[in-house]
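To find a chain, count down the sequence lines: A is the first, B the second, and so on, and within it residues start at 1.
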Protein chains: 4
Amino acid sequence: MPTSPTTDAAPTRRRRADAMQNLDALLEAAKAVFAESGVDAPVRTIAERAGVGVGTVYRHFPLRSDLISAVFRREMDACVDAADELEATYPAGEALDAWVLRYTEFVAAKQGLAAALHSGDPAYEPLADSFSTRLTPTLARLLATARAAGAIGQEVEPSEFLAAVANLCHGTGPSPRGREHAERMVRLLLAGLRAPAA
Amino acid sequence: MPTSPTTDAAPTRRRRADAMQNLDALLEAAKAVFAESGVDAPVRTIAERAGVGVGTVYRHFPLRSDLISAVFRREMDACVDAADELEATYPAGEALDAWVLRYTEFVAAKQGLAAALHSGDPAYEPLADSFSTRLTPTLARLLATARAAGAIGQEVEPSEFLAAVANLCHGTGPSPRGREHAERMVRLLLAGLRAPAA
Amino acid sequence: MPTSPTTDAAPTRRRRADAMQNLDALLEAAKAVFAESGVDAPVRTIAERAGVGVGTVYRHFPLRSDLISAVFRREMDACVDAADELEATYPAGEALDAWVLRYTEFVAAKQGLAAALHSGDPAYEPLADSFSTRLTPTLARLLATARAAGAIGQEVEPSEFLAAVANLCHGTGPSPRGREHAERMVRLLLAGLRAPAA
Amino acid sequence: MPTSPTTDAAPTRRRRADAMQNLDALLEAAKAVFAESGVDAPVRTIAERAGVGVGTVYRHFPLRSDLISAVFRREMDACVDAADELEATYPAGEALDAWVLRYTEFVAAKQGLAAALHSGDPAYEPLADSFSTRLTPTLARLLATARAAGAIGQEVEPSEFLAAVANLCHGTGPSPRGREHAERMVRLLLAGLRAPAA
DNA sequence: CATGAATGAGAGTTCATTCAT
DNA sequence: TATGAATGAACTCTCATTCAT
C-alpha cells in the first residue's frame, strides 16, 4: 500500500506504472545480458541487472522464450519498418541488399538468436513464429519486387534465406571483426542471388 | 618385453584390444549422442550409451573437446581425402563446388559441430585447430586452382568460407529436408563466389 | 519501503526471521559437523544436518571458508573479549597465561581449525585474516604488558605463538583427556616464554 | 618368462631383485610425493613417480598407512640412532635439546605426518605404534638422563611431548622459513622443560 | 607378480523454478 | 504483485580400488 488509503485510482496507476517500469527494465536488462552472455544466461543475472527479483521475471515471462521474443520483437519491428523506407528510397535490387544487410546487423548483434531459433527446443517456436509473421513477409515482398525488376536470378524461399543469414551471423560475436565477417558472407549470398538462373 | 613376441604379445594385444573396443564404443556412442543432443550432452549420457563408466571417458578424453575432435576427425579426414579424387576427376570450378558440397554433407550430419567451433569456449580450440590444419588448406588449394582457371570472381578467406558453410548447416538437422536446405544455401554461396569481381 | 514501518515491517521481519533461522541452523550444523569430521566435511553433510538444501549453504556461504569463519567468529570474539576482563583482573603475567589458556580452550574445541589455518589452501585466508585482525593484536597487547612487567624473558611473534598454540591443540580432540594434554603442552610453552632471555 | 627355460634359480632371483627394486622405487617416490603434496596425495601419483602400476602399490601396501609407515620408518630409525651418538657426545641436557631438534627436523620435513598421526583414522594406528615403539623410549631415556642431571624441572610424558613437537611442525611447510618457525617454537617448549618445577 | 583399464561413488558447484511472505 | 530464499536436480570431475590379462 504505497499510497494514501482514501483514493484507489492513484494506487492502481502507480502500480501499473511500476509494473511497466519493471517490464521495461527487464527488457533492457535482458537485451544487455543476451548480448553479453547469450540467450542461455542465468535468469538471475537478468533479474539482478534489472533490479528486480527472479519471481518478477517469471511472472512476466514464464518461459525463457517469452523473454527472448519480447526482447527481440522491438528491434525486429524496427527492422521490418526499415524496409518501407528502403523500398521508397532505392531501386528494387539495392533495396533488397540494403535491407538484408540491415537485418544482418540486427541478427549479428543478437548472439544466440540464431542458436535459439534452431535449437529445436519447442520453447522457441513462438520466437520462430515472430520471424514468420513479420520478417518473412517483408523479405518476400522485397524479393518479389527485385525479381520483377530483374535484379535477381535465383529462386529462394524467404524464410529459408532469413534463416541462412541468421546462421551466417552465428558465433561471429558483436565485435567489429565478427560483424565484418558476417557481412562479407552475407554479401556473397546476395551475390549468389543475383546470379542468372542456372 | 624381453621375451619372444609370440608368447608375450597375446596378453598385450588382448588388453589393447579391449581398450580399443571400449574406445570404439565410446566414439560410436559419442557420435550418436552428439547427433541427438549436440556436443554439450552430459558426459554420463555418453558413458552410459557406450556401456562404460564415466571414468573411462575421462581417461580416454580428459577434455570434452578431445572427444569431439576424435569423433569428427575420422570423417574430417575422409572429407579431406575426397578432395584429391575430385580434383583429379573434375575441372577446377566443378571440383570446388563438389568438394564444398561434400563438406556440407559432413558438417550437416554433425549437429553441434559448428556451434562448438564458434562457442568461443577455449576448450574447443583444438577442434578448431583440426579444421585449420586439415580442412582450410584443402579448401585453399581448391580455391586457388579454381581462381587460376577463372572459375571464381570473388576473393574469400578459406577459413572464413568454411566457417560460413558450417554455419549454414546449423540447426538444419540430419533430416533430408534439413540437408536440402543447407545444400541450397551453400549453392547460393558458391554462386556468389562465381560472380565476377565487383 | 514507502509505507509506514508498522504495516511493512511484518513481512520483511518474517522473511528475515526465517532466513536467520536457517542461517542459525546452518551455523549450528556446521559447528557440529566440523567438530565431528573436520572442516573438510562435505557441504552436503552440513546441509543435511541443517535440514536445508545445498543451495542454501552456497547462498549464505559461497566459499567454504566463509562458513568456517562464521562458525568460529562468534567464539573467537568471545575469546578476544575475555582479554579485557583478564587484563583488568590479574597482573600482567598471569593475565597472559590465563588468556592463552582461554584461547587454548577455544581452539581445542575446534578440531580442524588449526589444520584449516595451515592448509596452505588460499580458501582459508579469510579465516587466517580473522585471526590476524582480532586475535593477534590481543595477544600482542598482552605480551607487551607482560614484558613491560618483566614477566617474560623470550621474544616471540604474537601470530607465531598463536599458531603454535593452535597446532598444539591439533588432533587432541574435544575429550577431557585431549584438552588436558593440550593444556599441559601450552603451559610448557608459557613456561618457556617466562624463561630469562638466553 | 624373461629368462632361459633351463634354470629356474635365476628367474627367481631376478624376480626377487625386481620386486625389491620396485619396492625401493616405491618408497622413494612416496617420500618425494608426500613431501610435495602431503600424505593424502593420489595413489596414482606415487605409482607414476615410481614407474610402476597402481596395482603394485596396492600389492605391497594394501593400506595407505602401510606405505606411510614404511616411508617414515627408515628415517625414524635414523632419528632414533642419532640419539646414541648425541648421548655419547654431549651432556645430558644438551643431548636432549639436540635430539629433540633432530627430531623436529625429521618431522618438519614430513608434512602431513603429524596430521596423519592425529587424524583419528584407525588406519594410521600402525604408524602411531611405530612412534611408541621406537621414538618414545628414546625420548624417555634422554629425559630420564637429563632429569637425573638436574637439567629439567618439569614433568612430561615422552609420547605427549613427541606429539606436541610433531604438532608444532604442522603446516609449517618444508621451506626454510617454516623450519625456522617450527624450531623456534620447539626451543620455547624445551625452555619450558628446563624451568624449575612449579 | 605386475599392470593399468575400468569402475563408480562422491564431492563441488550452478541454476531453473517454486512459493511463502 | 513483487520478492528472493530455498530447493534439489543435474553436471563435471577425481580417485580409491578392483581385476582380467
E/dA20: pairing nucleotide in any strand, Watson-Crick or G-U under 3.5 angstrom
F/dT3
Result of checking A/E48, A/R44, A/R59 against A/V54 for side-chain contact (heavy atoms from CB on, under 4.5 Å):
A/R44
Of all heavy-atom pairs between C/A25 and C/A50, which one has the smallest distance, and what is that distance?
O-CB, 3.7 Å
Starting at atom CG of B/D66, determine the distance to atom C1' of F/dT12, rounded to an integer number of angstrom.
15 Å
Would the distance check show the side chain of C/R64 and the main-chain N or O of C/A41 forming a donor-acceptor pair, the cut-off being under 3.5 Å?
yes
Calculate the interatomic distance between D/L26 atom CG and E/dG4 atom P; express it in whole Å.
14 Å
Take B/L67 and B/V43 through the test side-chain contact (heavy atoms from CB on, under 4.5 Å) and record every step on the way to the result.
CA-CA 10 Å; B/L67 180 52; B/V43 172; over 6 Å; no
How close or far is atom C1' of E/dC1 from atom CZ of D/F61, stated in whole angstroms?
15 Å
Any side-chain heavy-atom pair of C/L27 and C/F61 under 4.5 Å:
yes
Within this structure, what is the OH-to-C1' distance between B/Y58 and E/dG10, rounded to whole angstrom?
14 Å
F/dC13: pairing nucleotide in any strand, Watson-Crick or G-U under 3.5 angstrom
E/dG10
When rounded to whole Å, the CD to P distance for the pair A/E48 and F/dA2 reads 18 Å
Shortest non-hydrogen pair, B/F34 vs B/V39, comes out as CD2-CA, 3.7 Å
Roughly, in whole Å, what's the span from NE2 in A/H60 to P in E/dT17?
17 Å
Send over the distance from C/I46 CD1 to F/dA6 C1', rounded to a whole Å.
17 Å
Expressed as a whole number of angstroms, how long is the span from A/L67:CG to E/dC15:P?
17 Å
Is there any protein nitrogen or oxygen under 3.5 Å from a nitrogen or oxygen in nucleotides 7-11 of chain F, and what are the pairs?
{"residue": "F/dT7", "atom": "OP2", "partner": "C/G53", "partner atom": "N", "Å": "2.8"}
{"residue": "F/dT7", "atom": "OP2", "partner": "C/T56", "partner atom": "OG1", "Å": "2.7"}
{"residue": "F/dA10", "atom": "N6", "partner": "C/R44", "partner atom": "NH2", "Å": "3.1"}

